[in-house]
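Structure, as structure tokens:
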Number of protein chains: 2
Amino acid sequence: MDKRIYELQRTLEALADPTRLRIVGLLAGGEICVCHIHEALQIPQPKASRHLAYLRQAGLVETRRDGLWVHYRLAQPEDASVRTVLNAAVHTLGHMPTSQADEKRLTKHVPRRLSKRGRLPIVACCGG
Amino acid sequence: MDKRIYELQRTLEALADPTRLRIVGLLAGGEICVCHIHEALQIPQPKASRHLAYLRQAGLVETRRDGLWVHYRLAQPEDASVRTVLNAAVHTLGHMPTSQADEKRLTKHVPRRLSKRGRLPIVACCGG
DNA sequence: GTATAATATACGCCAGCACGAATATATGGA
DNA sequence: TCCATATATTCGTGCTGGCGTATATTATAC
């Protein structure tokens, strides 16, 4: 099995979970620290941490430590097929009610997003 | 959890397997019957059949019976996010050595593809 | 009817992952 | 040093899905 297919498979596995999809949807708007993620998604902290670790191992997110806080942001994967699929998922998530509600809940705690680092370009609109 | 996210998750799960990715890569070129799929991929027939059933349950492929043969082709899912992700995967698969080798092995048994039904439009090139 | 070819399903086994709960590991401050 | 906060990891459990093998189904031909 060639490496390209394996990378693509690993990316799809990493995205194939509702919690991780919601996290990716939030991160599309810029970097966020773990506490805001699990508050916005209304999930237990260990759950958020576990899924973030999964995404990081898959190379889809990167971290930046700032004192006690750890900020997560979307990565720019090297593999072109990984970027294509990640872009597609990020884009469609923007249209989802769940992601929009998560974003709304987030901005209640974080009035202004501090950074847009890691935001990915939108390739094409799916119409949805 | 809203239905849109669930549909997206189910699609990603269906694609997150190397065998199913190779099948989708083959089907991008038009409909194929089961026997040619398992020959081109050099996998046991029950394995091909199982994965095809999985893809069908996820709504990513459709079938057409013709005597003893059952031809599979890519579906045009209703959900826009599903189409977007499927398109992305199909497109990147076209660039993969494994898929190109599968296609080459297929055309050895099937000199000319009979139909292009089910072929999906390419939205954007990933450069890979 | 019976035989044969193409396809689908059932079975038993094993690996991986999601979960809640509890605990461990930082980091910064008094 | 000791405490508090933020984050990460571990443990035990249940479920899902992959595999090879064997068998069942469906359709055609004789």
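Quick note: numbers below take in every heavy atom, side chains included, and nothing from hydrogens, waters or symmetry partners. Below, chains carry the letters A, B, ... as their sequence lines are ordered, and counting in each starts from 1.
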Side-chain touch B:S99/B:L26, heavy atoms, less than 4.5 angstrom: no
Between the base of C:dA6 and the side chain of B:Q45, is there any donor-acceptor pair under 3.5 Å? no
Rounded to whole angstrom units, what separation is found between the OH atom of B:Y54 and the P atom of D:dG17? 4 Å
D:dG20 base to B:R50 side chain: any donor-acceptor pair below 3.5 Å? yes
Residue whose closest nucleotide on DNA chain D lies nearer the 5' end, B:R20 versus B:L68: B:R20
Looking at B:R10 and B:E7, is any side-chain nitrogen of the basic one under 4.0 Å from a carboxylate oxygen of the acidic one? yes
Is there a side-chain contact between A:Y72 and the phosphate of D:dA8, meaning an N or O under 4.0 Å from OP1 or OP2? yes
Side-chain ion pair, B:E31 and B:R64, N-O less than 4.0 Å: yes
Quick one: B:L15 CG to D:dG17 P, roughly how many Å, whole number? 14 Å
Nearest-nucleotide pick for B:C33, side chain only, options being C:dA18, D:dT7, C:dT7: C:dT7
On DNA chain C, nearest-nucleotide positions of B:T63 versus A:P46: which is more 5'? B:T63
CD of A:Q42 versus C1' of C:dC19: gap in Å, rounded? 18 Å
Less than 4.5 Å apart, side chain to side chain, heavy atoms only: is that true for A:R50 and A:T19? no
Could you check how far CZ of B:R56 sits from C1' of C:dT7, rounded to whole Å? 11 Å
Separation of atom CZ in A:R10 from atom P in C:dG16, rounded to whole Å: 15 Å
Name the residue closer to the 5' end of DNA chain D, choosing between B:E13 and A:S49 according to the nucleotide with the nearest heavy atom. A:S49
Measure from CD1 on A:I32 to C1' on D:dA6 and round the result to the nearest Å. 16 Å
Please tell me which of A:K47 and B:V34 maps to the more 5' nucleotide of DNA chain C, matching each residue to the nucleotide holding its nearest heavy atom. B:V34
So B:L60 and B:L15, do their side chains get closer than 4.5 Å, heavy atoms only? yes
Quick test of your reading of the model: are A:R105 and A:E39 salt-bridged, counting only N-O distances below 4.0 Å? no
Taking the side chain of A:V70 as its heavy atoms from C-beta onward, which of C:dA6, C:dA18, D:dT7 lies nearest to it? D:dT7
Roughly how many Å is it from CZ in B:R22 to C1' in D:dG18, rounded to a whole number? 15 Å
Taking only side-chain N and O atoms of B:H38, does any of them lie within less than 4.0 angstrom of OP1 or OP2 on C:dT7? no
May I ask you to verify if any side-chain N or O of A:R65 is less than 4.0 angstrom from the OP1 or OP2 atom of C:dT27? yes
Testing C:dT7, C:dT9, C:dG20 for proximity to the side chain of A:P44, the answer is C:dG20
At under 4.0 Å, does any side-chain N or O of A:H36 touch on OP1 or OP2 of D:dA6? no
Using whole Å, what does the distance between atom C1' of nucleotide D:dG17 and atom CG of B:D17 come to? 9 Å
Of C:dC19, C:dT9, D:dA8, the nucleotide closest to the side chain of A:T19 is C:dC19
